[in-house]
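The structure appears below as structure tokens.
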Amino acid sequence: MARLIDSDHHASLKDYERIAHLSNDVRDLRDEAEMLLPKLQGRRVWMVNSTAHGGGVAELLPPLITLLRELGVDANWLVMESDEDEFFRLTKQIHNLIHGAGDPDLSNGAHALYEKVSHSVAARLAEFVKPNDVLVIHDPQPLGAGALLRERMDLTAIWRCHIGLDEETPETIAAWDFLEQWAVKYDHTVFTAPEYIPRCLAGRASIIHPSIDPLSHKNRDLPVHKLAGILANGGLITATGPTLTPPFEERAQRLQRSGEWAPATEPEDLGLLFRPIVTQVSRWDRLKGWVPLMQGFVKMKEALKTNTLSEEERLPLDLARLVLAGPDPESVTDDPEGLEALQEVMDTYLSLDPDLQDAIAVISLPMTSPVNNALLVNALQRCSDIVVQNSVREGFGLTVTEAMWKRAAIVGSQAAGLRQQIRPDLDGRLVKDAHDTDDIARTLTELLLDQEHRDAFGLSAQQRVHNEFLVFAHVRNWLRVLTETLDGRAAA
């Protein structure tokens, strides 16, 4: 019901410090940690979530835990496990409700199921977590288990909720009514934005933005030959000569006109190194706005038949391709709706005319090797002229943060998490409605025709990530929350 995870993160503070534009960040982190660490001496910190791979939380934890350890914190990572498939379907329903979507009916045994699994997970966690420890629970899946441990032993418990909505709806009310009895048992809570804090936790929450690791496989710099090598090894381009490294054991697959999956270079090379590329990389989830993005791109292409652009202006629009890339959905065990969301994308693609199918690539990225998967995402984002995150709802959206760091031109929706990052017409563009295919088409057209603005957005976006959303700020903010929560318990 719970297992200990090796953080598997090899970059050290010294590695970051060797990089000129990161060295000051490391020194500032060391200075603050030196003042705060005495309050954490003799305590173990346990981070608990629901999956070791797939999704933003599983990517945030390895660098966070590794750097906390290097600074002197006894930090550890546990993943909850359950054979109850219905439990994860329930927590996915709650996840959607917190985003304002889905069926708000949480009767028919939902409370009993959640409590049953929470008791089982809590019993397993108790084999690791002891009195005087600090327990940090991530998201709704292990929330109940952490609350039970907080009741049973003298420990400090913090709940970190990575999702939210900036308005109150019948759906969000249903979700928080369900979770409140568990959430209020924690000493403190952490959210991504002030707008996400429910009324039942007002005054008991801090704000921590997620972050990216600039030396991770997904974000590190890629010289041209390495970028091309990764694309070739992963099956996203056709190698025109020998490569230094062998092909990946599992390679990317592309949806074919037949509805089957085949190597991504079939029926022809995607043109990633030469064509204007518009990309969205996300989990297969209806809330990511896959279908309206595809429909908006199709409208942009269809407008070429009637517009009066010059041949020079038409060329980037004519050559542009849309890449919709997501993980093998069967590999993400805590997202039972992934296959259903992917099927909707497939059905939309298969309904298109052949010439439009040629301009769109629906890509499934293998997940068996986290390193290879991260490298493929990195390479895809770096060879994209525009990176889109067309989310209907988005807690934060690390795929946007990653692309901003790589100086891509960004198109986002008005989802609250994306507004936390993208300053309109400074770091990128925001469409007014993720379902507005006309606005999507218009925005893509304007950016594909304006290289100067794309370059300016990219430079500004990278600077914003450097200032606000790198791992150093993330670690520093967690040190503050951990010590302040301990202080609050001591004063109570």
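What you see below is based on every heavy atom in this structure, not just the backbone, and it leaves out hydrogens, waters and symmetry mates. Small disclaimer: the values here were computed from a predicted structure and weren't measured.
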### Query
What heavy-atom pair brings G100 and T169 nearest, and what distance separates the two atoms?
CA-OG1, 4.0 Å
### Message
Run L13 and L29 through side-chain contact (heavy atoms from CB on, under 4.5 Å) and show every step you take.
### Response
CA-CA 10 Å; L13 288 172; L29 175 59; 4.1 Å; yes
#### Entry: Check: F457 and R407 side chains under 4.5 Å, non-hydrogen atoms
no
#### Entry: Straight-line distance of Q295 CD to L293 CG, nearest 0.5 Å
9.5 Å
### Whether Y186 side chain and L143 backbone form a donor-acceptor pair below 3.5 Å
yes
### Query
What about the rings of F396 and H162, do their centers lie closer together than 6.0 Å?
no
### Summary
CG (L135) and CD1 (I137) are apart, to the nearest 0.5 Å, by 4.0 Å
### Task
Taking side chain to side chain contact (heavy atoms under 4.5 Å, CB included) as the test, write out the residues that go with D74, two or more places apart.
R44, N76
### Message
Using side-chain heavy atoms (C-beta onward) and a distance below 4.5 Å, is M47 in contact with H138?
### Response
yes
### Message
Measuring only between side-chain heavy atoms, which start at C-beta, is V392 closer than 4.5 Å to H435?
### Response
yes
### Task
Would you check if there is a donor-acceptor pair between the side chains of S211 and H474 at a distance under 3.5 Å?
yes
### Task
Quick one: do K406 and N219 satisfy side-chain hydrogen bond (donor to acceptor under 3.5 Å, both in side chains)? Show the steps, please.
CA-CA 8 Å; K406 301 175 181 78; N219 296 303; 3.0 Å; yes
### Query
Side chains of R286 and N96: does their closest heavy-atom pair fall under 4.5 Å?
no
### Message
For A416, give me all partners under side chain to side chain contact (heavy atoms under 4.5 Å, CB included), at least two apart in sequence or on another chain.
### Response
D166, Y196, R419
### Query
Would you say H466's side chain and H21's backbone share a donor-acceptor pair under 3.5 angstrom?
yes
### Query
Any sub-3.5 Å donor-acceptor pair from W176's side-chain atoms to C200's backbone N or O?
no
### Message
Assess the residue pair T401 and Q421 against the criterion (side-chain hydrogen bond (donor to acceptor under 3.5 Å, both in side chains)); give the C-alpha distance rounded to whole Å, side-chain angles, the decisive distance to 0.1 Å, and a yes or no.
### Response
CA-CA 7 Å; T401 327; Q421 302 181 65; 2.6 Å; yes
### Query
Once you round to the nearest 0.5 Å, how far does CG of L479 lie from CD of E484?
10.5 Å
### Task
Indicate yes or no: at least one non-hydrogen side-chain atom of L78 is less than 4.5 angstrom from one of N49.
no
### Task
List in chain and number order the residues that pass side-chain hydrogen bond (donor to acceptor under 3.5 Å, both in side chains) with E127, two or more places apart in sequence or in another chain; answer none if no residue qualifies.
R124
### Query
Side chain of D139, backbone of Q141: donor and acceptor closer than 3.5 Å?
no
### Task
Sequence neighbours left out, what passes salt bridge (Lys or Arg N to Asp or Glu O under 4.0 Å) with D15? Give chain and number order.
R18
### Query
Which atom pair, heavy atoms only, marks the closest approach of G102 to P104?
O-CD, 3.4 Å
### salt bridge (Lys or Arg N to Asp or Glu O under 4.0 Å) against R43, all qualifying residues, sequence neighbours excluded
none
### Task
Could you check if a side-chain atom of H188 sits within less than 4.5 angstrom of a side-chain atom of S206, using non-hydrogen atoms only?
yes
### Task
Can you sort out the partners of D427 under salt bridge (Lys or Arg N to Asp or Glu O under 4.0 Å), two or more places apart, ordered by chain and number?
R423, R464
### Query
Is the W405 to F469 ring centre distance short of 6.0 Å?
no
### Query
So, D439 side chain and V431 main chain: donor-acceptor pair closer than 3.5 Å or not?
no
### Task
Please report the closest heavy-atom contact between L430 and P424, naming both atoms and the distance.
CD1-CG, 3.6 Å
### Query
Side chains of L90 and L106: closer than 4.5 Å at any heavy-atom pair?
yes
## Note on the structure
Rounding to 0.5 Å, atoms CD (E86) and CG (N108) come to a distance of 11.0 Å
### Query
Does anything in residues 140-162 pair up under salt bridge (charged side-chain N to carboxylate O under 4.0 Å, His left out), and if so which pairs, sequence neighbours excluded?
R150-D187, E151-K185, D154-R489
### Message
Do V45 and D133 have side chains that approach each other closer than 4.5 Å (heavy atoms only, starting at C-beta)?
### Response
no
### Task
Please test T66 against R69 for side-chain contact (heavy atoms from CB on, under 4.5 Å), starting from the C-alpha separation and ending with a verdict.
CA-CA 5 Å; T66 298; R69 285 177 178 174; 5.7 Å; no
### Those residues that, when tested against K130, pass salt bridge (Lys or Arg N to Asp or Glu O under 4.0 Å) (two or more places apart)
none
## Note on the structure
Sequence neighbours excluded, the answer for side chain to side chain contact (heavy atoms under 4.5 Å, CB included) partners of T189 is W159, F191, L201, A205
### Task
Using the salt bridge (charged side-chain N to carboxylate O under 4.0 Å, His left out) rule, collect all pairs that involve residues 22-31, keeping only residues at least two apart or in two chains.
E17-R30
### Task
Establish, from distance only, whether the side-chain atoms of E84 and S82 form a donor-acceptor pair under 3.5 Å.
no
### Query
Hey, is CD on Q41 packed in by over 12 heavy atoms from elsewhere, all under 6.0 Å?
yes
### Query
Is it true that a side-chain atom of N378 and a backbone atom of H217 form a donor plus acceptor pair closer than 3.5 Å?
yes
### Summary
Separation between CG (L97) and OG1 (T172), nearest 0.5 Å, reads 8.5 Å
#### Entry: Under 3.5 Å: donor-acceptor pair, side chain of S384, backbone of L380
yes
#### Entry: Verdict with reasoning, D425 to R429, per salt bridge (Lys or Arg N to Asp or Glu O under 4.0 Å)
CA-CA 6 Å; D425 296 319; R429 295 283 299 276; 3.6 Å; yes
### Contact summary for I363 and A252, nearest pair of heavy atoms
CG2-CB, 4.0 Å
### Task
Flag the pair R89 and D85 as a salt bridge only when some basic side-chain nitrogen lies within less than 4.0 angstrom of an acidic carboxylate oxygen.
no
### Message
Could you report the tightest heavy-atom contact between P194 and I207, atom names first, then the distance?
### Response
N-CD1, 3.5 Å
### Query
Is the backbone of M367 close enough, under 3.5 Å, to the side chain of N373 for a donor and an acceptor to pair up by distance?
no
### Summary
Rounding to 0.5 Å, atoms CG (L324) and CZ (F297) come to a distance of 9.0 Å
### Query
Which is it for T368 and E249 under the side-chain contact (heavy atoms from CB on, under 4.5 Å) test, yes or no, and what are the steps along the way?
CA-CA 9 Å; T368 50; E249 185 174 340; over 6 Å; no
### Query
What residues form a side-chain hydrogen bond (donor to acceptor under 3.5 Å, both in side chains) with Y16, not counting sequence neighbours?
H9, D213
### Query
Within the distance-only criterion (no hydrogens, no angle test), does the side chain of S413 pair as donor or acceptor with the backbone N or O of S391 below 3.5 angstrom?
yes
### Message
Just to verify, what does S282 make a side chain to side chain contact (heavy atoms under 4.5 Å, CB included) with, not counting sequence neighbours?
### Response
Q280, K288, W290, Q389, T399
### Task
Identify the heavy atoms of T91 and Y114 that sit nearest to each other, and give their distance.
CG2-CE1, 4.2 Å
